[in-house]
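The analysis underlying the following values was restricted to heavy atoms, covering all of them including side chains, and did not include hydrogens, waters or symmetry mates. Chain A is the first sequence line, chain B the second, and so forth, proteins listed ahead of strands; every chain is numbered from 1. Owing to the predicted nature of the structure, the values given are computational and were not obtained by experimental measurement.
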Number of protein chains: 2
Amino acid sequence: MAFNSGKKKISESTIHRLSLYYRVLSILEKENHQTVSSKELARREKLTPAQVRKDLSFFGSFGTRGLGYPVSELKRQIGDILGINRGWNVAMVGVGNIGSALVGYKEFQRQGFNIKVIFDNDQRKIGSNHKGIIVSDIRNLERDLRANNIEIVILAVPATVAQYIVDDIVRAGIRGILNFAPLNLKVPDHVFLRNENMSMELEYLSFALKNSETSKSGEGKGHKI
Amino acid sequence: MAFNSGKKKISESTIHRLSLYYRVLSILEKENHQTVSSKELARREKLTPAQVRKDLSFFGSFGTRGLGYPVSELKRQIGDILGINRGWNVAMVGVGNIGSALVGYKEFQRQGFNIKVIFDNDQRKIGSNHKGIIVSDIRNLERDLRANNIEIVILAVPATVAQYIVDDIVRAGIRGILNFAPLNLKVPDHVFLRNENMSMELEYLSFALKNSETSKSGEGKGHKI
DNA sequence: TTGCGATTGTGAAGGAATTCACAATCGTAA
DNA sequence: TTACGATTGTGAATTCCTTCACAATCGCAA
């Protein structure tokens, strides 16, 4: 393929799978593999080889026929596509249960998401040290987001106040928000909002277990009822 | 529609959307709405009314033409479909950052997932009290999972030990596992394993932001490159 | 009791994502 | 220098998912 000149639609699932490939490639790199085939990549992620090749083909041709893909090189390329090689300045808003756990979550840093500022409204927390970062007063949200060149905000506050805070965040010029609060937030069109709903997968398990009691299902994509 | 006699394939997305409907219905119930139309439900979740109706139609016909769906009744029905009304006994394995945050996560209980036991291998944590639950020694994993009739396990341990622990969990007869460790675990066919990958949505944001700099995209499903 | 606006439930159509299938092409070994 | 097994990249075929479009039918008002 020539180059990524033409505009193509990339599906959400493809992007999510790139994340998976990236993670496996990191592991393969540590295990000193030089190359990897679409077959092996697929096996590790429970996908088909064709799926892997198709996903990658949207962005270019990274492999060598007969050999496979160069592990480190492909990892770097996917990192470029996802935009995680460049690194991002991230702020955490809310240092309750979830928020403080995520501040200490190594995986984020490893993927290039650097938490630079933490906000809370609790006077007892403000000024305290969380994993080397001093908690800021949420009343200075807009000012401190700008001062630290924050590009992405992770929101881990109670649902009751989430919308007000999002409005502030948007006003500060932030265009990427990851929301952990269990509600649907409103943002302008130019802002990217993603929701992390941790109950969802538990509920899927619940559904699967409930229905497997009668109709013993294997590992297929869907479920019989 | 008659009844759910025939076996139909239900897609993963449909189940995930049921979770969304359930959450919105809980909110509508609190706001004292008696009925809700597919149009309104769709608006709140940024879906199409047809999608909402089709999803529900897989499981029965819950609405009234001209009126919409009865909020509380539909919520109960979806709860039944997802299997969350009956409640589940859940164990948390690993009380590090993520694990201890999730133990205190109210949303799980609210959806019928009751954390009954907590395990860790750290002698300093074993015996200590986490949100009213005494941390058990992971060496008693199999015994205590059985003793407490645990049906679902949430795994929040370092990637390095996750597979060993999963093997134990499977040996204890558990058939539902929610994994937070960043790796792909192997389980037998009869066990349902779901992965929660919190970096994934951040990486999607990264991709979206990176690509929006040039090709200003709106709120469509996919992304141009 | 009839008529009307609103909304569901669902086959059929349309669109999107996945898989198939194979030509192209690599590294390697004789 | 050629022959071969392996593997990619990709149009075409297929499968899966979403949206359309409309008959069916409800509550309500006159």
Write down the distance between [atom1] ([X]) and [atom2] ([N]), rounded to a whole number of angstrom.
| X | N | atom1 | atom2 | answer |
| --- | --- | --- | --- | --- |
| A:Gln51 | D:dC16 | CD | P | 13 Å |
| A:Phe59 | D:dG9 | CZ | C1' | 15 Å |
| A:Arg17 | C:dA16 | CZ | C1' | 12 Å |
| A:Ile10 | C:dA17 | CD1 | P | 10 Å |
| A:Leu56 | D:dG9 | CG | P | 8 Å |
| A:Lys54 | C:dA17 | NZ | C1' | 10 Å |
| A:Glu12 | C:dT18 | CD | C1' | 17 Å |
| B:Leu41 | C:dA6 | CG | P | 19 Å |

Please work out which of the three classes, parallel, tilted or perpendicular, describes the rings of B:Phe113 and B:Phe108, given edges at 30° and 60°.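 Judged by the thresholds at 30° and 60°, the geometry between B:Phe108 and B:Phe113 is perpendicular.
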
Might you work through the side chain to side chain contact (heavy atoms under 4.5 Å, CB included) test for A:Tyr204 and B:His16, ending with a clear yes or no? CA-CA 7 Å; A:Tyr204 190 92; B:His16 281 330; 4.2 Å; yes

Below 3.5 Å is the cut-off: list the nitrogen or oxygen pairs between protein and nucleotides 4-8 of chain D, distance only.
from	atom 1	to	atom 2	distance (Å)
D:dT7	O4'	A:Gly66	N	3.1
D:dT7	O2	A:Gly66	N	3.2
D:dT8	OP1	A:Ser38	N	2.7
D:dT8	OP2	A:Ser38	OG	2.6
D:dT8	O2	A:Arg65	NH1	2.9

Can you check whether B:Thr48 has a side-chain N or O nearer than 4.0 Å to OP1 or OP2 of D:dT19? yes

Listed once per pair and sorted, the salt bridge (charged side-chain N to carboxylate O under 4.0 Å, His left out) pairs that draw on residues 66-78 of chain B, sequence neighbours left out: B:Glu29-B:Lys75, B:Glu73-B:Arg76, B:Arg76-B:Asp80

Looking at CE of A:Met200 and CZ of B:Arg194, how far apart are the two atoms once the value is rounded to the nearest 0.5 Å?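 With rounding to 0.5 Å, CE (A:Met200) is 9.5 Å from CZ (B:Arg194).
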
Picking from D:dG9, C:dC20, D:dT19, which would you name as closest to the side chain of A:Ser57? D:dG9

Quick check: closest heavy atoms across B:Leu185 and A:Lys46, and the distance to 0.1 Å?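 That would be O-NZ, 4.3 Å.
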
Could you report the tightest heavy-atom contact between B:Phe59 and B:Ile15, atom names first, then the distance?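 That closest heavy-atom pairing would be CZ-CD1, 4.2 Å.
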
